[in-house]
Amino acid sequence: WPVHLTPTVFLDAQIPFDANLARILRGMAKKSNKSEPQKNPRLMREVSPDLRDFLQEKATLYESLAFIPDDPISIPHDFRDSSDVELAAFLTATLAWGQRVTIKKNANEWMARMDHAPRQFLESASAGEMEATSQGFVHRTFQPRDAMLFMHALQELLIEYKGLEAVFLPENRALRNGLSVQPHLEVFHERFFAAAAKRGFEAGRTRKHVATPARGSATKRMNMFLRWMVRPSGRGVDFGIWKSIEPRQLMIPLDVHTGNVGRKLGLLQRKANDWRAVEELMAGLRQVDAEDPVRMDFALFGLGAIEGF
C-alpha cells in the first residue's frame, strides 16, 4: 500500500477507509477465532499470525527518523539535556490534540517563552515571570490560566521530586511493577493537582488537561508522553530516558486514528474511546509484542493518519 508523505493530519479527525482492504484485514483478526466475538470487551481475542506480522511490519516502517519532523515529538527532539527533554515533552504532549502543524507551532511558542530552557526556567522563574510567560498563550481550549497553573505545579513538583519520572511512581511497589501504567497515571494526576493547590490554584477546568483512568478517560496525551519517555530509543524516535517504568507496562495513546483502525482490524469492539477501550486494545497488542506492545502505536497511527484507511 502506498505511503503518502505529505498528508494534512488531524490527531482527532475522522478519516476515510478502504472498504476492500478493511475486509481483508478484519479477516486476519478473525481467522483464528473459534467463535463469534464476545460482548465483554475484557475477554481476550486471539490475534492471527498474519495480522501480527502485518502490524509488526507497519510498526517498523513508521518508527523511523522520517516520522519525527511532522510529529509533535519533534519539539523535545530539539533538546539534548534529559531534564529539558522530559519537560518539553510533557508540555508538548499536553497540547497534542488538533492539527499537528498547530500543535508544533504552539508548543514551540511555549518553549520560546521559556527561552528554550524549560528546566532552568521552571526551576528559577518567579510568580510574576510565569504570569508574564502565560499571558496571551492559547491552544484551542488551553488558556493562559491553564498554562500558569501548569508551570506553578511543575515548579512545585521539581522542588519535591527533582524530576518528572519520580512523580509517576506509586509508593506501593506491587502497583509500580504491575501490568500497566494505570496506577502511575492516577498517582501523577493526584500529585500534579496537589502541587497546584499548594500554589493556590484550584484544578477547575484545567483538570481536563491532565486526564486520569480513574475517571474512565483514555488518557491519550499522558500515554503518549509516557511512550516518548519510556520506549527504547534504538530507532531514534522515542527517547527511552526513563528506566523505572518498563515498555511492557505502557498503554496505547488511543485516539480516533488508532481506535478506528483497531476496530477495522477486529482488535477492538468497544465503540467509545475510553479507558476500557484502551484495555481491550492492549489485550490484542500484547499478543503482537508482549515486551513492547505500544510499538504498535506507530502501525495503527500510520495506517490511519498517513495511509488514510
Side-chain angles (χ1 to χ4, degrees), residues 68-69 71-98 100-169 188-211 221-222 224-230 233 238-242 244:
I68 295 174
D71 193 76
I73 201 173
S74 62
I75 302 300
H77 269 288
D78 287 339
F79 298 91
R80 292 293 172 262
D81 187 276
S82 61
S83 61
D84 283 323
V85 168
E86 69 175 17
L87 289 167
F90 178 75
L91 295 175
T92 299
T94 297
L95 305 181
W97 85 105
R100 293 202 292 178
V101 171
T102 304
I103 294 165
K104 289 176 54 184
K105 172 181 174 294
N106 289 337
N108 191 59
E109 180 185 341
W110 203 347
M111 298 304 108
R113 288 172 178 237
M114 295 186 290
D115 298 322
H116 293 287
R119 178 68 182 233
Q120 182 179 348
F121 178 86
L122 289 170
E123 284 185 332
S124 61
S126 66
E129 288 171 327
M130 285 188 278
E131 182 176 6
T133 297
S134 64
Q135 188 172 6
F137 183 80
V138 175
H139 174 74
R140 305 190 75 181
T141 63
F142 193 87
Q143 300 293 312
R145 190 262 186 190
D146 302 315
M148 189 156 57
L149 183 152
F150 263 70
M151 290 185 286
H152 275 278
L154 289 172
Q155 187 176 72
E156 188 68 29
L157 291 171
L158 290 175
I159 292 170
E160 183 173 355
Y161 293 93
K162 311 306 179 187
L164 289 186
E165 183 175 9
V167 188
F168 281 87
L169 301 181
F188 177 82
H189 183 272
E190 294 168 2
R191 289 170 178 170
F192 183 87
F193 287 108
K198 280 187 180 181
R199 298 295 183 94
F201 288 90
E202 293 184 3
R205 60 177 302 282
T206 305
R207 190 178 295 278
K208 67 182 179 181
H209 294 300
V210 185
R221 288 177 276 173
M222 297 299 292
M224 184 174 69
F225 168 67
L226 290 181
R227 194 205 87 194
W228 293 354
M229 294 296 96
V230 173
S233 60
D238 293 326
F239 295 94
I241 58 177
W242 287 7
S244 300

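Note that the structure is predicted; figures quoted are calculated from it, not measured.
- More than 12 heavy atoms of other residues, nucleotides or ligands sit less than 6.0 Å from atom CD of Glu123.
- Contact annotation: the side chain of His209 approaches that of Trp97 to within less than 4.5 Å [non-hydrogen atoms, C-beta and beyond].
- In this structure, the ring of Trp110 has its center no less than 6.0 angstrom from the ring center of His116.
- A distance-only check finds no donor-acceptor pair linking the side chain of Asp115 to the backbone of Ala117 [under 3.5 Å].
- Between Leu149 and Phe192, some side-chain heavy-atom pair lies under the 4.5 Å cut-off.
- The closest side-chain heavy-atom distance from Met229 to Val85 is below 4.5 Å.
- For the atom pair CE of Met130 and CE of Met148, the computed distance is 9.0 Å after rounding to the nearest 0.5 Å.
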Item to check | Test side chain to side chain contact (heavy atoms under 4.5 Å, CB included) applied to Asp78 and Met111, step by step | outcome: CA-CA 10 Å; Asp78 287 339; Met111 298 304 108; over 6 Å; no

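- Of all heavy-atom pairs between Thr133 and Met114, the closest is CG2-CG, 4.3 Å.
- Looking at heavy atoms from C-beta onward, Phe168 lies in side-chain contact with Leu226 at the 4.5 angstrom threshold.
- Between Thr92 and Ala107 the shortest heavy-atom distance is OG1-CB, 3.6 Å.
- Taking both residues in full, the closest heavy atoms of Lys208 and Arg205 are given as CG-O, 3.2 Å, listed atom of the first, atom of the second, then distance.
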Next on the checklist: Run Leu154 and Leu91 through side chain to side chain contact (heavy atoms under 4.5 Å, CB included) and show every step you take.
Outcome noted: CA-CA 10 Å; Leu154 289 172; Leu91 295 175; 3.7 Å; yes

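- Smallest separation of non-hydrogen atoms from Gly98 and Arg140: CA-NH1, 3.0 Å.
- Once rounded to the nearest 0.5 Å, the distance linking CZ of Arg207 with CD of Glu202 reads 10.0 Å.
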Next on the checklist: Could you walk me through whether Lys104 and Asn108 satisfy the side chain to side chain contact (heavy atoms under 4.5 Å, CB included) test, starting with their C-alpha distance in whole Å, then the side-chain angles of each, then the deciding distance to 0.1 Å, before giving a yes or no?
Outcome noted: CA-CA 6 Å; Lys104 289 176 54 184; Asn108 191 59; over 6 Å; no

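- Summarising the geometry of Pro76 relative to Ala88, their closest heavy-atom pair is CA-CB, 4.1 Å, with the distance given to 0.1 Å.
- Under 3.5 Å, the side chains of Trp242 and Glu86 contain a donor-acceptor pair of N or O atoms.
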Next on the checklist: Under the criterion side chain to side chain contact (heavy atoms under 4.5 Å, CB included), I'd like the reasoning laid out for Phe121 against Arg113: C-alpha separation, chi angles, the key distance, then a yes or no.
Outcome noted: CA-CA 9 Å; Phe121 178 86; Arg113 288 172 178 237; over 6 Å; no

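- With hydrogens and angles ignored, the 3.5 Å screen pairs a side-chain donor or acceptor of His139 with a backbone N or O of Leu95.
- Atom CD of Glu109 and atom CD1 of Ile75 lie 11.5 Å apart (nearest 0.5 Å).
- Taking a cutoff of 4.0 Å between a charged side-chain nitrogen and a carboxylate oxygen, Glu160 and Lys198 qualify as a salt bridge.
- Between the side chain of Asp238 and the main chain of Gly240, no donor-acceptor pair closer than 3.5 Å is present.
- Here the options are Phe225, Phe90, Phe193, the test is ring pair (Phe, Tyr, Trp, His ring centres under 6.0 Å), and the partner is Phe188; only Phe90 passes.
- Of all the heavy atoms in Pro144 and Val138, the pair that sits closest is CD-CG2, 3.9 Å.
- In this structure, the side chain of Glu156 does not engage the main chain of Ala153 through any donor-acceptor pair within 3.5 Å.
- His189 places no side-chain N or O within 3.5 Å of a backbone atom of Ala211 that could act as its donor or acceptor partner.
- Remark: side-chain polar atoms of Arg119 are not paired, donor with acceptor, to backbone N or O of Gly163 under 3.5 angstrom.
- Arg221 contributes a side-chain N or O that, together with a main-chain N or O of Thr94, makes up a donor-acceptor pair within less than 3.5 Å.
- You'll find the side chain of Ile73 reaches within 4.5 Å of the side chain of Phe239, heavy atoms only.
- For the pair Gln155 (side chain) and Ala125 (backbone), a donor-acceptor distance under 3.5 Å is present.
- A donor-acceptor pair under 3.5 Å links the side-chain atoms of Glu165 to the main chain of Ser244, judged by distance alone.
- For the residue pair Asp146 and Thr206, a side-chain donor N or O sits within less than 3.5 Å of a side-chain acceptor on the partner.
- Phe142 and Phe137 have perpendicular rings, their planes meeting at more than 60° on a 0 to 90° scale where under 30° would count as parallel.
- In this structure, Glu129 places its CD atom where more than 12 heavy-atom neighbours from other residues, nucleotides or ligands lie under 6.0 Å away.
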Next on the checklist: Test ring-ring contact (aromatic ring centres under 6.0 Å, His included) on Trp228 and His77; report intermediate values, then the result.
Outcome noted: CA-CA 10 Å; Trp228 293 354; His77 269 288; 8.7 Å; no

